*Asks:* 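Mind looking over this structure? Questions follow.
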Amino acid sequence: MSPRKPTPPSQELIKGVWRENPVLVQLLGLCPALAVTNSVANSLAMSAAVLFVLVGSSLLVSTIKRIVPSDVRISTYILIIATFVTIADMILEASVPAVHKELGAFVALIVVNCIILGRQEAFASRNSVGRSLLDAVGMSIGFTLTMVLMGTVREVLGNGTFLGISVMGPHYEPWVIMILPPGGFLTLGTILLVFSWIKRRGEERAKPATAAAGPAVGKAA
Amino acid sequence: MGDLIWILVSAAVVNNFTLALFLGLCPFLGVSGKVETAVRMGAANIFVMVLTALAVWVLNTFLLVSAPYLRIIAFIIVIASLVQIVEMAIKKLSPALFQALGIYLPLITTNCAILGLAIFSTNRGYGLLEGLFFAVGGGLGLTLALVLMASIRENLELADVPDFAKNMGLVLILAGALSLAFMGFAGMFSAA
């Protein structure tokens, strides 16, 4: 996605939500998407942390992009990201210690979340501050939606609750497996399969307009 | 000694890094197409993990006691430079090994398994020896998961699945099944 044509700013915001959704389309940031989505509250806390780090580092990177030599740009980005992650980690620990404890090491692991480094390298380092902000917010919204979707499926099925409120009635036998690690894989796998099926159907309906939208295999490296 | 073995086995199978803790998913999904590459990636990971465990111990003992807020930054910088140095050293000393590990070494820098290892062993207060056993166990677990997944995917190529399922969705479902199987180990010890 090197030199891009000037797109309307609104496009930068919404592309992250659907067309370039970081988790579902780009398959980035899977570790947190699987690890902390066992409840809606955890998903929201994680998304808030990612929003903070992504917006903060995108703003900073797009501001200083001209003074960073390209040889050391990745190290610079990682340092900037690590700084914001440290701040987010401390804020979470101070304000919501219970959630911070549940998220555990995964807040610190935002540093190596490919979504964030990927956006710096692919977008913030070559776009204006305003566009980078929109891009970061859009990507965060896309990430949040995916996280909440997964968190909802897993918490409702695995625990019979939504944000701690019982939704399935008193006789519901929870599928405990959904809030355990295998549930994460199964939920995301199912969501990806459903999306891929919808996409395939859409392509078949609009046959002449064949945009080479192959399956995203191998993008995760 | 029993404790150390426990740490190793626990990290390798009971709390498998990839299948139970979701660390190192990028290589797990990205390079699990062939068994051979999976083995190499696993080997590179074990190697870097052991080095990381050493570095983390040094950092925790000498630097981070006085500046705990630098933890994340210090870990990521040290891991990144370590991988870089190791890559250069291997290139110089053993071109054959460099060929074998190839592109996998630099990829490891941004692998959550390495930083995860550093953070988990710090959170649990592991000493040097415990940290090393944890690293070897975690690396073995990652390798095991990678090799299992690669073997399944090699066979999957011959399977007749619907067109829309020929992507990561199916791989994740399989990972779920593997993860389910690994939960069977949970009864071996009380969960950590």
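Naming convention: chains lettered A, B, ... in sequence-line order (proteins, then strands); numbering from 1 in each chain. Reckoned from all heavy atoms, side chains included, excluding hydrogens, waters and symmetry mates. Everything numeric here is computed off the predicted structure, so don't read it as measured data.
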*Asks:* Please work out whether the ring planes of A:Phe106 and B:Phe120 are parallel, tilted or perpendicular, with thresholds of 30° and 60°.
*Replies:*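 Correct class here is perpendicular.
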
*Asks:* Any chance OH of B:Tyr69 has more than 12 other-residue heavy atoms, nucleotides or ligands included, within less than 6.0 Å?
*Replies:*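 12 or below, so no.
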
*Asks:* Of the backbone (N, CA, C, O) and the side chain (C-beta and beyond), which part of A:Ile74 lies under 4.5 Å from a heavy atom of chain B, both, or neither?
*Replies:*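 Neither part; nothing is under 4.5 Å.
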
*Asks:* How close do B:Ile119 and A:Ala105 get, counting heavy atoms only, and between which atoms?
*Replies:*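 Looks like CG2-CB, 3.5 Å.
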
*Asks:* Where does B:Leu180 contact chain A at under 4.5 Å (heavy atoms): side chain, backbone, both or neither?
*Replies:*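 Both backbone and side chain.
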
*Asks:* Please look at A:Ile81 and chain B and tell me whether the side chain, the backbone, both or neither of the residue comes under 4.5 angstrom of a heavy atom of that chain.
*Replies:*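 The answer is neither part of A:Ile81.
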
*Asks:* Which region of B:Ile73, side chain (C-beta onward) or backbone (N, CA, C, O), has a non-hydrogen atom less than 4.5 Å from a non-hydrogen atom of chain A, or is it both or neither?
*Replies:*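 The answer is both parts of B:Ile73.
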
*Asks:* Atom CE of B:Met183 and atom CD1 of A:Ile177: how far apart are they, to the nearest 0.5 Å?
*Replies:*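 If I round to the nearest 0.5 Å, the distance is 4.5 Å.
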
*Asks:* Let me confirm one number: the OG1-CD1 distance from A:Thr83 to B:Ile76, rounded to the nearest 0.5 Å.
*Replies:*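 That separation rounds to 11.5 Å.
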
*Asks:* What's the shortest heavy-atom distance between B:Gly176 and A:Pro182, and which atoms?
*Replies:*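 So the two residues come closest at O-CB, 3.7 Å.
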
*Asks:* Examine whether an atom of A:Thr190 lies under 4.5 Å from a heavy atom of chain B, and if so say whether it belongs to the side chain, the backbone or both; otherwise answer neither.
*Replies:*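 Both parts, backbone and side chain.
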
*Asks:* Could you pull out the closest heavy-atom pair between A:Ala35 and B:Phe22, with the gap in Å?
*Replies:*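 Scanning both residues completely, I find the closest heavy atoms to be CA-CD1, 3.3 Å.
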
*Asks:* Closest heavy-atom contact between A:Leu186 and B:Ala177?
*Replies:*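 It is CD2-N, 4.4 Å.
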
*Asks:* Less than 4.5 Å to any heavy atom of chain A: does that hold for the side chain of B:Leu178, its backbone, both, or neither?
*Replies:*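 It is neither, since no heavy atom gets under 4.5 Å.
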
*Asks:* Ignoring hydrogens, what is the shortest heavy-atom contact between A:Pro181 and B:Leu19? Give both atom names and the distance.
*Replies:*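 Looking at all heavy atoms of both residues, the closest pair is CB-O, 3.6 Å.
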
*Asks:* Non-hydrogen atoms of chain A under 4.5 Å away: do they reach the side chain of B:Thr18, the backbone, both or neither?
*Replies:*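 Backbone only.
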
*Asks:* Is there a side-chain contact between A:Leu192 and B:Val171, using heavy atoms and a 4.5 Å cut-off?
*Replies:*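 Side chain of A:Leu192 against side chain of B:Val171, heavy atoms only: no contact under 4.5 Å found.
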
*Asks:* Which answer fits A:Phe195, side chain, backbone, both or neither, if we ask what part of it has an atom under 4.5 Å from a heavy atom of chain B?
*Replies:*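 No part of A:Phe195 comes within 4.5 Å of chain B.
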
*Asks:* Enter the distance from A:Leu109:CG to B:Leu23:CG here, rounded to the nearest 0.5 Å.
*Replies:*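 Separation between the atoms: 6.0 Å.
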
*Asks:* Most heavy-atom pairs under 4.5 angstrom with chain A, which of B:Gly169, B:Pro162, B:Gly116?
*Replies:*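 Going by pairs under 4.5 Å, I would pick B:Gly169.
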
